[in-house]
Amino acid sequence: MHPDGTPCPCGSRGCLQTYASLEAILGGDPVPAGTTPDATATARADAGDPATLAALDTAGTALGIALSGMLNILDIDTVLLGGSFALLSSWLTANVRTQIDRRVHTAAWAPITVRPALLGPDAAVIGAALTSIDQIRQRPAAWLVDEPLDVVPKP
Ligand SMILES: [Zn+2]
């Protein structure tokens, strides 16, 4: 995003995650016990916390800029905000939309849909569970004799 930007945990500087990760949105504040980072960010945004709202404003703009570059290369017509971004989409989507409309060369003729992913932050876990269930469905006898499932699909 910015070659001379904020140092990133990856060792580089100014990466998208320095602007659009939950850590960036929470401003480095610790997450209270008994809750999760995405629930904390959502609660702070719902309460109108100015620092969280400003961070979400920045995150949405950064996401929109990063996505615009990908959309110009890949010609995709729909963006799903998944994971924590699905929970925070109410505060992110307007800035994502603004950047896409401004930066994607074909957006005026081929509008790009931006919406939260339906499965929200649990999408990866649900996908892993469905993969295992599908393997059992395809080879029920192997499951009955206690053979290990192929968790990682074979190439
Ligand atoms: Zn990085």
Side-chain angles (χ1 to χ4, degrees), residues 1-135 149 151-153 155:
M1 300 297 299
H2 297 283
D4 297 323
T6 305
C8 178
C10 78
S12 189
R13 299 182 76 88
C15 297
L16 178 61
Q17 82 172 68
T18 64
Y19 304 97
S21 65
L22 277 173
E23 292 78 16
I25 292 167
L26 292 172
D29 294 342
V31 174
T35 187
T36 61
D38 48 7
T40 300
T42 303
R44 289 180 184 175
D46 273 335
D49 175 59
T52 301
L53 294 175
L56 285 163
D57 195 56
T58 299
T61 298
L63 274 175
I65 292 169
L67 287 166
S68 294
M70 290 184 242
L71 292 165
N72 279 326
I73 293 170
L74 300 174
D75 192 25
I76 296 169
D77 65 2
T78 302
V79 172
L80 299 177
L81 299 176
S84 299
F85 295 137
L87 292 175
L88 297 167
S89 65
S90 298
W91 297 279
L92 297 170
T93 300
N95 283 8
V96 169
R97 168 98 269 139
T98 296
Q99 295 304 317
I100 287 173
D101 289 346
R102 183 179 297 159
R103 296 170 184 272
V104 175
H105 306 305
T106 58
W109 302 279
I112 295 162
T113 301
V114 178
R115 64 178 174 82
L118 295 177
L119 297 178
D122 297 329
V125 172
I126 293 169
L130 290 176
T131 298
S132 294
I133 290 169
D134 191 51
Q135 289 177 14
L149 296 173
V151 176
V152 178

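As the structure is a computational prediction, the values presented were derived from the model and not from experiment. Just the heavy atoms: all of them, side chains too, but no hydrogens, waters or symmetry mates, feed the values below.
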Ignoring hydrogens and angles, tell me if any N or O in the side chain of [X] forms a donor-acceptor pair with the backbone of [Y] under 3.5 Å.
X: Thr106; Y: Trp109; result: no
X: Thr93; Y: Ser90; result: no
X: Asp49; Y: Thr52; result: yes
X: Asp38; Y: Leu87; result: no

Considering non-hydrogen atoms only, spot the tightest contact between [X] and [Y] and give its length.
X: Ala20; Y: Leu63; result: CB-CG, 4.0 Å
X: Thr35; Y: Val31; result: CG2-CG1, 3.5 Å
X: Gly60; Y: Asn95; result: C-CB, 3.6 Å
X: Ala62; Y: Tyr19; result: CB-CB, 3.7 Å
X: Ser84; Y: Leu22; result: OG-CD1, 3.2 Å

Can you tell if the side chain of [X] reaches within under 4.5 Å of the side chain of [Y], non-hydrogen atoms only?
X: Asp77; Y: Thr113; result: no
X: Gln99; Y: Thr61; result: yes
X: Arg44; Y: Leu53; result: no
X: Gln17; Y: Cys8; result: yes
X: Thr42; Y: Leu88; result: yes
X: Pro116; Y: Leu80; result: no
X: Cys10; Y: Cys15; result: yes

Atom [atom1] of [X] and atom [atom2] of [Y]: how far apart are they, to the nearest 0.5 Å?
X: Asp57; Y: Leu92; atom1: CG; atom2: CG; value: 9.5 Å
X: Thr58; Y: Met1; atom1: OG1; atom2: CE; value: 10.5 Å
X: His105; Y: Leu71; atom1: NE2; atom2: CG; value: 10.5 Å
X: Thr18; Y: Arg13; atom1: OG1; atom2: CZ; value: 9.5 Å
X: Phe85; Y: Leu56; atom1: CZ; atom2: CG; value: 10.0 Å
X: Ser68; Y: Ile112; atom1: OG; atom2: CD1; value: 7.5 Å

Determine whether Val114 and Leu81 satisfy the following criterion, side-chain contact (heavy atoms from CB on, under 4.5 Å), listing intermediate values before the conclusion. CA-CA 7 Å; Val114 178; Leu81 299 176; 4.2 Å; yes
Who pairs with Asp75 by side-chain contact (heavy atoms from CB on, under 4.5 Å), at least two apart in sequence or on another chain? none
For Asp134, all residues meeting side-chain contact (heavy atoms from CB on, under 4.5 Å), sequence neighbours excluded: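 Asp134: side-chain contact (heavy atoms from CB on, under 4.5 Å) contacts with Arg137, Gln138.
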Evaluate side-chain contact (heavy atoms from CB on, under 4.5 Å) for Asp46 paired with Trp91, printing each intermediate quantity in order. CA-CA 10 Å; Asp46 273 335; Trp91 297 279; 3.3 Å; yes
Using side-chain contact (heavy atoms from CB on, under 4.5 Å), reason through Leu67 and Arg103 one step at a time and then give a plain yes or no. CA-CA 9 Å; Leu67 287 166; Arg103 296 170 184 272; over 6 Å; no
